[in-house]
Amino acid sequence: MVKTKVISKISIVMGSQSDWKTLVKCEEILKQFKVHFEKKIVSAHRTPERLYEYSKNLKKNNIKVIIAGAGGAAHLPGMIASLTHLPVLGVPIETMTLKGIDSLLSIVQMPYGIPLPTLAIGENGAKNAALSAISILSLDNKTLEKKLLLYREKQTKSVSEKPKNDKD
Ligand code: RP5
């Protein structure tokens with residue numbers, strides 16, 4: 001019997017098209033690391049059946065980590081976490097009215113038993129979610145681990161010891 005190689009993937013999921021301008025930052029990093037990923041729009045409120053379908057098929061679709069971003073009454077990441085045992089990383093999207101504090105509090109305050117690691121509001125959170133997902137995948141992927149270590153080493157080297165003036 002021929003064994004087909006199973007490709008582990010990260011899933012980037014968002015509540016709305018409007019979240020993509022933030023979550024595209026995840027995509028940029030995942031592409032840089034040449035990690036396989038998918039991207040989907042699933043709204044906890046507007047498409048609840050899609051949410052259920054998506055969450056229940058994650059394992060079957062070889063998804064290892066989910067990056068879930070939503071804004072406002074951001075129930076998407078928590079609901080996905082309630083429907084799968086796989087790691088879900090929550091990204092609070094910055095909002096016009098409350099600057100994303102609403103998103104952050106909706107995502108971070110989970111009840112005991114359904115963990116939902118939550119990143120910073122906005123683009124920094126999206127970028128760090130991608131790096132966290134890579135870190136999780138690298139636990140059993142040596143090539144990815146090497147890339148991650150190199151990325152961090154380069155970052156460390158890029159920080160100068162002394163501040164420069166604008167004119168320098
Ligand atoms: C949430 O409502 C989405 O995650 C999005 O951040 C927010 C606003 O959605 P739109 O009205 O822009 O579609 O469900």
Side-chain angles (χ1 to χ4, degrees), residues 8-48 50-51 54-55 58 61 63-139 141 144-145 147-159:
S8 301
K9 277 190 290 183
I10 292 170
S11 183
I12 307 174
V13 62
M14 65 218 79
S16 166
Q17 173 65 43
S18 62
D19 299 330
W20 183 236
K21 57 182 177 300
T22 304
L23 291 170
V24 74
K25 300 292 168 192
C26 289
E27 181 181 62
E28 287 166 15
I29 291 188
L30 297 181
K31 278 185 174 168
Q32 212 177 313
F33 279 82
K34 296 191 169 41
V35 170
H36 295 277
F37 66 95
E38 60 164 34
K39 45 193 180 185
K40 300 221 178 275
I41 298 175
V42 177
S43 167
H45 305 114
R46 294 169 178 151
T47 67
R50 194 189 301 174
L51 163 71
Y54 164 83
S55 307
L58 286 163
N61 291 333
I63 303 298
K64 301 291 181 219
V65 188
I66 299 105
I67 297 172
H75 296 126
L76 178 70
M79 284 309 298
I80 296 171
S82 78
L83 289 162
T84 181
H85 66 287
L86 296 170
V88 182
L89 309 174
V91 180
I93 302 293
E94 191 170 336
T95 52
M96 293 271 278
T97 41
L98 297 173
K99 305 280 178 222
I101 294 292
D102 43 354
S103 323
L104 174 67
L105 298 181
S106 303
I107 295 173
V108 80
Q109 288 292 14
M110 289 294 285
Y112 163 70
I114 306 294
L116 178 52
T118 304
L119 285 300
I121 297 169
E123 290 187 2
N124 280 345
K127 289 179 193 167
N128 277 343
L131 290 171
S132 294
I134 287 164
S135 167
I136 294 169
L137 285 191
S138 77
L139 290 172
N141 182 332
L144 199 54
E145 187 185 32
K147 281 188 199 170
L148 184 58
L149 289 171
L150 193 66
Y151 177 93
R152 293 184 61 126
E153 199 182 305
K154 274 189 190 160
Q155 180 171 251
T156 301
K157 282 185 181 156
S158 76
V159 182

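For reference, positions follow the sequence shown, starting with 1.
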_Checking side-chain polar atoms at under 3.5 Å, does Tyr54 have a donor or acceptor matched by the opposite partner on Ser11?_
yes
*Might you point out which heavy atoms bring Pro87 and Ile136 nearest each other, and give the distance in Å?*
CB-CD1, 4.3 Å
*NZ on Lys64 to CG on Leu58, rounded to 0.5 Å*: 11.0 Å
*Tell me, please, which residues at least two apart from Phe37 pass ring pair (Phe, Tyr, Trp, His ring centres under 6.0 Å).*
none
_Between Leu76 and Val42, is there a side-chain heavy-atom distance shorter than 4.5 Å?_
yes
*Leu86 and Val65: CA distance, side-chain angles, deciding distance, side chain to side chain contact (heavy atoms under 4.5 Å, CB included) verdict*: CA-CA 6 Å; Leu86 296 170; Val65 188; over 6 Å; no
*Approximate separation, where rounding is to 0.5 Å, of Glu38 CD and Ile66 CD1*: 9.0 Å
*May I have all residue pairs that pass side-chain hydrogen bond (donor to acceptor under 3.5 Å, both in side chains) and include part of residues 68-88, sequence neighbours excluded?*
His45-His75
*All pairs passing ring pair (Phe, Tyr, Trp, His ring centres under 6.0 Å) where residues 98-119 contributes a residue, at least two apart*: none
*Name all pairs fulfilling the side-chain hydrogen bond (donor to acceptor under 3.5 Å, both in side chains) condition that reach into residues 94-106, sequence neighbours left out, sorted by first residue then second.*
Thr95-Asp102
_Side-chain donor/acceptor of Asp19 to backbone N/O of Ser16, under 3.5 Å_ = yes
*Taking all non-hydrogen atoms of both residues into account, name the closest pair between Ser43 and Gly15 and its distance.*
CB-O, 3.4 Å
*Starting at CD1 of Ile114, measure out to CD1 of Ile80 and round the result to the nearest 0.5 Å.*
13.0 Å
*Which heavy-atom pair separates Ser8 from Leu137 by the least distance, and what is that distance?*
CB-CD2, 4.5 Å
*State the CG-OG distance between Leu83 and Ser55, to the nearest 0.5 angstrom.*
4.5 Å
Please set out all donor-acceptor pairs under 3.5 angstrom arising from side-chain atoms of residues 115-135, sequence neighbours excluded.
| residue | atom | partner | partner atom | Å |
| --- | --- | --- | --- | --- |
| Thr118 | OG1 | Leu116 | O | 2.8 |
| Ser132 | OG | Asn128 | O | 3.0 |

Result block: side-chain N/O donor-acceptor pairs under 3.5 angstrom for residues 20-36, not counting sequence neighbours:
| residue | atom | partner | partner atom | Å |
| --- | --- | --- | --- | --- |
| Lys21 | NZ | Ser18 | O | 3.0 |
| Glu27 | OE2 | Lys39 | NZ | 2.5 |

